[in-house]
2 protein chains.
Amino acid sequence: MNATAASLLGFLHRGPASGWDLVATAQATIGDFWPVTRSQVYRELAAMEAQGLVRAGPPGRRDRRPYQLTRAGRSAFARWVREPPGPEQIRFPLLLALSFGRHLPPGRLAGFLAEHRTEHEARLARYRAAQEAGAAPDDYAAAALAFGVAYESAVLAWFDQLPDRLTGGGGQARRASSTETRRPSAGAPR
Amino acid sequence: MNATAASLLGFLHRGPASGWDLVATAQATIGDFWPVTRSQVYRELAAMEAQGLVRAGPPGRRDRRPYQLTRAGRSAFARWVREPPGPEQIRFPLLLALSFGRHLPPGRLAGFLAEHRTEHEARLARYRAAQEAGAAPDDYAAAALAFGVAYESAVLAWFDQLPDRLTGGGGQARRASSTETRRPSAGAPR
DNA sequence: CATATCATGTAAGAGGTTACATGATTAC
DNA sequence: GTAATCATGTAACCTCTTACATGATATG
């Protein structure tokens, strides 16, 4: 039982849902730390139906095919959720680029960093907004959201403590003094 | 050109190396944010040799097969490293378990959290030790290491701000506080 | 001479991504 | 009627993981 499939079983505890629904639910609730694609959902649903973990109920409007938990599915989920979760898997291409920074032309790395910083800033804003809107339905979701905030905050703080040499760009040109007219591109001021 | 293969090309800039060497180098330098397995290394080396990006030099002791960069390999790497790095991929089973916390028996989630916290504590200690030992050969590696410290610190801080209801749970609570006699209701809220 | 370490690889499969392909219904 | 959205699925491919299999050389 893989975690993606198990998560679908978890969502089905709320009631019958179609593949389409499950994609939406997954994206909204666990998408930030456990990406799930349409392809996977339909594949896992088919596999789990074959295993008797879910059952397609009466078809709805359009081509809607709502699935519901079977007793076997319920217990498969219960078994899965009690197992100790594995370590997190991280793959961070930006750090890879950073590691090979010596092979990058001047300013290029600074550009990469600036782009990613912007991205993380946006994500933090999104999480904060969700927090303030009270979007989390329970303490568990709230804790997961808090993780997002903690993570993005840490990433931003990390960006901001990087030496100017890496973020300020222009190769040997470090620390253009108070007159910052030199670099129009990505090494944006914060 | 995938990032794993490209990284191997990157390492080969330091001089010829065997698959074995490259596994060790990769684990030591990028392993924390870009895991690389033996299997991948040998496969990618074979593939890159077929593409003319690397060439096996004269065999060494034992069955050692040192590879070196070709000019094509050098330029393939140069092309790769200039491309904007993609977004980080994170998969965090603990957060998944947390999200489904309502389906966990009391105390179980607390146990998971405690185990992971210990793990992250150890990693932070390792990174801090590496920093203090001056293990980073250059500013780039130092920045990557700093990321590790920032990340692990944030994770620990997150653990420590979780509501008692989640961490204080039933069974194997870490950090048993002075009032650990009450029956916790970890699985109960809403 | 036995054990640890160095060293290379293959096989099988799981899991994930991207693109392709199709059709039904609703809203304008 | 036409565009947007809902809805399902397939195909191909890439990447990564795990386990298997083998042998050479150092070290004690």
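Scope of the values below: all heavy atoms of this structure, side chains included, with no hydrogens, waters or symmetry mates. Just so it is clear, the model here is predicted, and its values are computed rather than measured. In what follows, chains are A, B, ... by sequence order, proteins preceding strands, each numbered from 1.
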Round to a whole Å and report the spacing from CD of B:Gln89 to P of D:dT17.
-> 11 Å

Could you state the CD-P distance from B:Glu44 to D:dT15, rounded to the nearest angstrom?
-> 7 Å

Would you kindly give the CD1-to-P distance between A:Ile90 and D:dT15, to the nearest whole Å?
-> 21 Å

Taking only the side-chain nitrogens and oxygens of B:Gln40, find out if one of them lies under 4.0 Å from OP1 or OP2 of D:dT17.
-> yes

For A:Met48 and C:dA14, give me the distance from atom CE to atom C1', rounded to whole Å.
-> 15 Å

Send over the distance from B:Arg91 CZ to C:dT17 C1', rounded to a whole Å.
-> 10 Å

Proximity of B:Phe92 and A:Phe147 rings by center, below 6.0 Å = yes

Could you tell me which residues satisfy side chain to side chain donor-acceptor pair (under 3.5 Å) with B:Ser75, sequence neighbours excluded, listed by chain and number?
-> B:Arg79

Is a salt bridge present between B:Arg65 and B:Glu49, judged by a nitrogen-to-oxygen distance below 4.0 Å?
-> yes

Is a side-chain donor or acceptor of B:Arg91 paired with a backbone partner of A:Glu88 at a separation under 3.5 angstrom?
-> no

Once base and sugar-phosphate atoms are separated, protein heavy atoms under 4.0 Å mark nucleotides 3-12 of chain D, 5' to 3', with B, S and - as --BBBBBBBB

Under 4.0 angstrom between A:Thr37 side-chain N/O and C:dT18 OP1 or OP2 = no

Can you tell me how far CG of A:Leu22 sits from CD of A:Gln40, rounded to the nearest 0.5 angstrom?
-> 12.5 Å

Strictly under 6.0 Å, is that where the ring centroids of B:Phe77 and A:Phe100 end up?
-> yes

